[in-house]
Participant: 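Take this structure, written in structure tokens, and hold onto it; I'll ask about it next.
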Amino acid sequence: MIDFVRPRMLNEEDDGSPAKCRERRRRRIEMRRLAALSAAGSSPQPGHGSGDGRVEGPRASGAKRIRASDGSCIPSSSSTSSGDDAEAPVAAPQQQPDVVAAATSVEWYGVMSVSGRSREMEDAISVRTGLCRPELSRRRPVHFFAVFDGHGGHHVSRLCREKMHVFLEEELTRPREQRPADEDDAWREVMRASFRRMDEATMNTCACGSVGSQCGCHPMEVAIGGSTAVAAVLTPDRIVVANCGDSRAVLCRGGKAIPLSRDHKPDRPDELARIEAAGGRVIHVNGARVEGILAMSRAIGDKYLKPVVTSEPEIIYTARQAEDDCLILASDGLWDVLSSELACEVAFECLRGEGSPPAMDLNSGAGAEDNVNGALFPSRSVLAAALLTRLALGRKSWDNISVIVVDLKKS
Amino acid sequence: MESQATSTASATAIYMRDRFGCCFRNWMAQQHLDLDELLQAVSADSGDAEKLRSLAGKSIQHFRDYLEARSQLAQHDAPSFFCPPWCTSFENSFLWIGGCRPTLAIRLVYSSSGSDLEAQLAGGARRCDDDRSNGSGGGGGNLGEITASQLKSINELHMKTLRMEEKLSSRMASMQEEIADDPLALIAKRSGRVGEESESVERVMKRHALSLARVLTEADELRLATLRELVEEILTPLQAVEFLVTTKKLHLSIHEWGKRRDSVLGKV
């Protein structure tokens with residue numbers, strides 16, 4: 001069952017008293033100063049943005065390879081299949097280094113993923129800009145952003161990082177006959193199928209990494225562990241977010257926070273009803289947990305809690321509007337200590353803060369010289385992702401923190 | 001004859017014991033001096049990157065000297081570094097292989113950077129403006145201004161340090177569990193009198209002490225490497241000096257608080 005949820009203003013039931021407004025305005029002003037400072041303070045670190053990956057995707061502003069927090073390199077998006085590439089006006093496979101550098105300087109998204117105060121890194125993020133140009137988006141580019149927060153190990157979240165976009169691309173490029181006629185239905189079907197296939201792949205993969213049941217590990221090794229998944233698909237005219245678990249996607253529209261996902265907590269009334277209908281129980285052991293074990297009601301994996309814990313995503317889509325500022329995807333390491341509203345405020349101020357763009361803000365001689373192509377300095381969206389992460393760290397988040405900020409004005 | 005040998009041995013023991021305590025007291029005194037100098041630099045020379053860098057380097061060198069000295073002493077008596085009588089019991093309760101956990105340095109960056117950031121949110125960003133107007137190249141940025149690429153480097157260092165820490169922890173665990181195994185457990189079981197002396201017992205104890213010395217040295221190397229990478233490669237000179245101030249304040253304070261606690265409990 002897919003829930004179609006109308007985007008709702010977060011501050012609907014918010015306190016609009018003058019004192020609160022003043023407080024918010026004051027905070028915004030501070031935020032603006034902070035954003036400018038953190039931009040100016042960015043030291044030219046060797047290695048940053050020295051694109052070792054090829055630029056891909058149809059736009060010159062395409063992405064470089066994302067380096068995962070644990071140092072392993074995410075393979076770049078598989079735009080080798082299908083004829084989509086041929087139709088791209090600016091298909092840019094192996095570009096010269098200077099072009100790569102220029103491309104990274106106008107990056108319109110930023111990612112940050114840190115272990116934080118947790119000793120285990122179970123988060124994983126995946127970004128595939130220019131994933132494909134399917135008929136469903138009228139041959140216009142589709143970008144993919146996702147955050148996966150693993151539990152019971154990092155194997156499921158890492159598998160999601162490697163596979164989710166592959167399934168999505170395959171589902172998107174299916175022949176038209178195999179899809180519902182209605183466009184909204186078609187998108188929903190694509191997202192559902194991708195999550196279903198992702199879940200099946202998880203069921204079939206052991207924690208040791210081997211596929212099938214040849215590895216000889218205890219069957220429980222295959223059964224334990226799971227991951228949240230919040231995946232956003234961006235086209236020129238819409239944002240489709242599919243979610244299972246308690247990671248979250250928030251849209252910042254005209255400075256306001258609009259939730260694009262709803263956390264799957266076991267004590268959410270409709271989720272509680274679904275769990276009980278499926279024969280499960282919610283037991284309060286250190287918070288509401290399915291069977292007293294899992295603190296979320298939906299997840300990829302978690303074979304031993306099926307079908308009570310389902311991988312069926314909730315899908316929310318929204319038409320893009322001119323006043324859309326940015327999209328924030330993050331794991332609960334951020335949301336536990338930062339409200340959606342504050343996160344949007346911080347990102348908004350960081351992206352649109354007054355003053356010159358960050359790269360220009362540094363008026364010390366050497367920096368300005370080196371910065372002609374802007375390659376040495378992170379984009380504002382990178383700064384925003386880092387600022388949110390640092391705020392969460394400062395607020396004593398105990399979990400891994402992963403944040404993606406997509407600048408919708410530039411994408 | 002025998003009694004003379006014994007008294008020489010105990011005199012040596014007292015002398016060595018004194019050297020152990022002395023090594024630690026020297027280190028604490030050195031940290032007090034370093035702290036004063038670092039604090040002075042933060043307030044007076046925050047724009048002089050070269051000076052800050054050399055001060056940070058000096059602090060690291062002092063730490064290295066201390067570790068070198070205790071590595072020598074550990075050859076005589078490594079076990080005492082694992083529960084040192086010259087530290088307070090409060091301090092000893094935090095020990096991981098004879099010192100602080102190497103990842104503590106990263107946690108400390110996170111917490112003090114976070115508190116600086118919140119302070120700026122609350123309206124105190126002026127200080128940073130001053131830093132910037134001081135102008136010189138590598139200076140700027142306090143701990144509240146960790147950049148995106150610094151954060152990435154810190155996280156990478158964190159992951160690396162965690163892995164090495166886990167390795168040492170599990171080696172330590174094996175060594176601790178070995179006591180229940182051959183030979184000590186079996187010697188104890190077979191012996192007629194509790195605590196019976198024997199050459200083999202002495203040999204085993206000596207061997208254990210030397211293994212402990214090796215683990216201690218490796219743990220110290222990890223502590224030093226983590227600190228060095230943070231201070232010399234990731235943080236700006238001003239951030240590095242501020243960070244060193246934070247670590248030293250924490251260490252010296254814990255020692256003082258521990259002493260007060262011990263005296264209240266009548267331990268001294």
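So you know, we letter chains A, B, ... as the sequences are listed, proteins then strands, and number each from 1.
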Participant: Without swapping roles, check the side chain of E156(B) against the backbone of S153(B) for a donor-acceptor pair under 3.5 Å.
Facilitator: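 Absent.
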Participant: Need one label for S112(B): side chain, backbone, both or neither, based on atoms under 4.5 Å from any heavy atom in chain A.
Facilitator: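 For S112(B), neither part sits under 4.5 Å from chain A.
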Participant: Check the pair Q150(B), Q239(B) against side chain to side chain donor-acceptor pair (under 3.5 Å), reporting the backbone distance first and the verdict last.
Facilitator: CA-CA 11 Å; Q150(B) 281 180 318; Q239(B) 287 170 340; 2.8 Å; yes
Participant: For the candidates D116(B), I106(B), L151(B), which exhibits the highest count of non-hydrogen atom pairs separated by less than 4.5 Å from chain A?
Facilitator: L151(B)
Participant: Got a salt bridge between E107(A) and K410(A), using NZ or NE/NH1/NH2 to carboxylate O under 4.0 Å?
Facilitator: no
Participant: Using only non-hydrogen atoms and a strict under-4.5 angstrom cutoff, which residues of residues 395-403 of chain A touch chain B?
Facilitator: R395(A), W398(A)
Participant: Find the one option among A386(A), G394(A), A392(A), G116(A) whose heavy-atom pairs under 4.5 Å with chain B are most numerous.
Facilitator: G116(A)
Participant: Quick one: does S113(B)'s side chain have a donor or acceptor within less than 3.5 Å of a partner on L143(B)'s backbone?
Facilitator: yes
Participant: Is a side-chain N or O of S157(A) found less than 3.5 angstrom from the main chain of H154(A), in a donor-acceptor match?
Facilitator: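 A pair under 3.5 Å: yes.
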Participant: Do E91(B) and H255(B) have a side chain donor and acceptor closer than 3.5 Å?
Facilitator: yes
Participant: Any Lys/Arg nitrogen of R119(A) or E166(B) sitting under 4.0 Å from an Asp/Glu carboxylate oxygen of the other?
Facilitator: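 A salt bridge is present here (some side-chain N lies under 4.0 Å from a carboxylate O).
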